[in-house]
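Worksheet: the structure to be examined is printed underneath.
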Number of protein chains: 2
Amino acid sequence: MEETDKDSYIQGDRMYVATDCVIFGFDEGNLKLLIFKRRVEPLRGEWSLIGSVVRLEEDVQDAAKRVLKEITGLDGVFMEELKSYGKADRDPGYRCISIAHYALIRIGEYDKELVKKHGADWYDIDEVPQLVLDHNQMVKDALERIKRKARYKPIGFELLPEKFSIPQLQRLYEAVYREQLDARNFRKKVISLNVLNKLEEKDKSTSKRGAFLYKFNYVNYQKLLRQGFNFEIS
Amino acid sequence: MEETDKDSYIQGDRMYVATDCVIFGFDEGNLKLLIFKRRVEPLRGEWSLIGSVVRLEEDVQDAAKRVLKEITGLDGVFMEELKSYGKADRDPGYRCISIAHYALIRIGEYDKELVKKHGADWYDIDEVPQLVLDHNQMVKDALERIKRKARYKPIGFELLPEKFSIPQLQRLYEAVYREQLDARNFRKKVISLNVLNKLEEKDKSTSKRGAFLYKFNYVNYQKLLRQGFNFEIS
DNA sequence: ACAAAAGTGTTCTGTATACACCCATGG
DNA sequence: CCATGGGTGTATACAGAACACTTTTGT
């Protein structure tokens with residue numbers, strides 16, 4: 001389990017390596033963060049990112065994937081190393097460095113039972129409570145990272161369902177950049193990249209008229225990547 | 001010492017945390033890398049990045065700084081975390097993850113005695129020999145990082161002496177990007193950023209006419225950072 | 001019929017790019 | 001006097017930014 005691993009190891013004379021996951025989702029126009037309330041000492045009752053000690057025989061990256069899977073049931077989603085948190089005094093209990101990772105998940109697809117069972121919950125990114133240790137810093141760093149990353153990688157598609165409308169995509173970018181975008185310019189830009197396949201279907205959930213749905217075209221995206229391109233949108 | 005720390009700790013039942021430093025310099029139009037030849041087992045005689053185990057009471061970042069200082073005598077130079085290398089089998093001897101860092105140093109300023117004493121040497125970035133473990137991968141990753149970083153931060157100034165000419169700066173960018181740049185456009189671009197103070201002096205080392213020297217204006221650079229800007233040069 | 005979101009084009013402006021010649025100096 | 005690298009300006013193309021109205025349809 002995410003918390004017990006760590007706790008069962010407490011000793012004062014050695015270094016522990018852990019990983020903590022900053023898990024983002026997107027829903028109803030808001031960027032969300034998955035956190036959980038600790039049920040065991042130390043720090044019982046405090047909000048925390050989800051993490052675990054890295055096992056001796058386990059790749060660090062695999063540990064992060066394991067954590068994500070344990071709490072959301074998901075694998076194969078976008079996940080990347082953020083950075084390490086290695087201050088000697090970051091954890092008052094024992095010497096532990098954390099290699100933080102961040103993940104972008106489709107908020108419709110996670111395993112709700114599992115999340116509930118672990119006492120985890122989604123928080124709007126503006127309403128994240130105080131977290132244990134340096135976890136708020138991790139969230140801040142991860143946010144900056146995805147903001148920057150969105151400029152050269154189409155990060156948004158990881159967070160949306162398979163079929164999505166252009167206004168939906170725009171709301172996502174607005175949530176990440178924290179600014180309003182011009183609908184005409186936005187549409188022009190994303191369509192010009194040639195990585196969207198328009199479907200016949202419409203999404204009628206947000207308007208009477210309905211917005212056409214699109215799918216992300218991974219083949220064209222690969223081509224684009226090879227050429228090098230700029231996804232800057234503002 | 002950079003190697004002995006690690007070696008004196010060998011045990012099979014625990015996780016070690018190390019740091020390895022990718023140290024770049026720039027000289028005579030070439031980007032260079034500082035590496036050293038191991039003098040003790042294991043892997044005696046092999047080329048390696050410079051690294052050390054992170055001490056129990058030491059911040060990871062401080063460990064990286066310590067390593068850099070031990071071998072070059074420098075501190076206060078630009079140094080940043082690259083990423084972690086956490087494969088369970090990356091080091092056949094024992095379980096050790098490495099938090100790699102990269103540094104950009106002024107090649108005229110390091111302590112030559114110290115470097116020599118450690119068996120270290122500068123290699124042209126195109127002529128780096130095979131290194132131990134995953135160190136070649138670290139170098140490759142660091143190179144990609146500085147290439148990308150150069151697009152939004154004026155990374156070049158860390159590698160040049162305090163006073164430098166515009167052609168010198170251009171050669172540095174050419175070495176990092178691995179492509180020829182147009183001298184007129186390059187000059188136009190860097191001057192337009194308003195972060196260079198022109199001096200009266202000239203550098204006559206590369207031409208008879210001499211090229212005016214400049215200093216980097218950190219105050220204006222801070223202003224620029226606040227506005228957000230694009231250092232893209234090509 | 002009206003409210004509410006989706007969808008559509010054009011103009012302007014700034015910036016990146018391409019490109020060729022004169023300048024200053026030491027030898 | 002000439003070889004070598006330093007320094008300068010202009011024209012063109014392209015991409016980002018600003019901007020307002022029509023369409024659709026459920027209620």
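Residue numbers start from 1 in every chain, and the chains themselves are labelled A, B, ... in the order their sequence lines are given, proteins ahead of strands.
- Scored by the side-chain contact (heavy atoms from CB on, under 4.5 Å) test, L114(A) finds D111(A), K117(A), H118(A) as partners (sequence neighbours excluded).
- Phosphate contact (OP1/OP2 of dT8(D), side-chain N/O of R184(B), threshold under 4.0 Å): absent.
- Within a 6.0 Å radius of NZ in K87(B), no more than 12 heavy atoms belonging to other residues, nucleotides or ligands are found.
- Note on ring orientation: taking the six-membered ring where Trp is involved, the planes of Y221(B) and F216(B) are tilted (angle from 30° to 60°).
- One interatomic measurement links the two molecules: CD of Q180(A) to C1' of dA18(D), which rounds to 15 Å at whole-angstrom precision.
- Below 30°, between 30° and 60°, or above 60°: for W47(A) and Y123(A) the angle between ring planes is above 60°, a perpendicular geometry.
- Within the structure, every pair that satisfies the salt bridge (charged side-chain N to carboxylate O under 4.0 Å, His left out) test and touches residues 130-141 of chain A, not counting sequence neighbours, is listed here: R90(A)-D134(A).
- dA6(C) atom C1' lies 14 Å from atom CG of D182(A), rounded to whole Å.
- The number of heavy atoms from other shown groups lying within 6.0 Å of NZ (K116(A)) does not exceed 12.
- Near-neighbour residues of DNA chain D inside residues 203-216 of chain A, defined by a heavy atom below 4.0 Å, number-ordered: K204(A), K208(A), R209(A).
- Contacts of Y214(A) classified as ring pair (Phe, Tyr, Trp, His ring centres under 6.0 Å), with partners at least two apart in sequence or in another chain: none.
- Take V115(A) and apply the side-chain contact (heavy atoms from CB on, under 4.5 Å) test, not counting sequence neighbours, and it matches L34(A), Y110(A), A120(A).
- Interface residues of residues 161-175 of chain B facing DNA chain C, ordered by number: none; criterion, heavy-atom separation under 4.0 Å.
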All N/O contacts under 3.5 Å from nucleotides 12-15 of chain D to the protein, with atom names and distances to one decimal?
none

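- Among residue pairs with one or both ends in residues 153-176 of chain B, those qualifying as salt bridge (charged side-chain N to carboxylate O under 4.0 Å, His left out) are E162(B)-K215(B), K163(B)-E201(B); sequence neighbours excluded.
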Between protein and nucleic acid, restricted to nucleotides 10-14 of chain C and to nitrogen or oxygen atoms under 3.5 Å apart, what atom pairs and distances do you find?
unit_1: dT10(C); atom_1: O4; unit_2: K188(A); atom_2: NZ; d: 3.0

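- Residues satisfying the side-chain contact (heavy atoms from CB on, under 4.5 Å) test with A100(A), not counting sequence neighbours, are L82(A), Y85(A), M138(A).
- With sequence neighbours excluded, no residue forms a ring pair (Phe, Tyr, Trp, His ring centres under 6.0 Å) with Y152(A).
- At distances below 3.5 Å, at least one donor-acceptor pair connects side-chain atoms of T72(B) with backbone N or O atoms of L74(B).
- For K204(B), the side-chain contact (heavy atoms from CB on, under 4.5 Å) criterion is met by no residue, not counting sequence neighbours.
- At whole-Å resolution of the value, CZ in R187(B) and C1' in dA18(C) are 18 Å apart.
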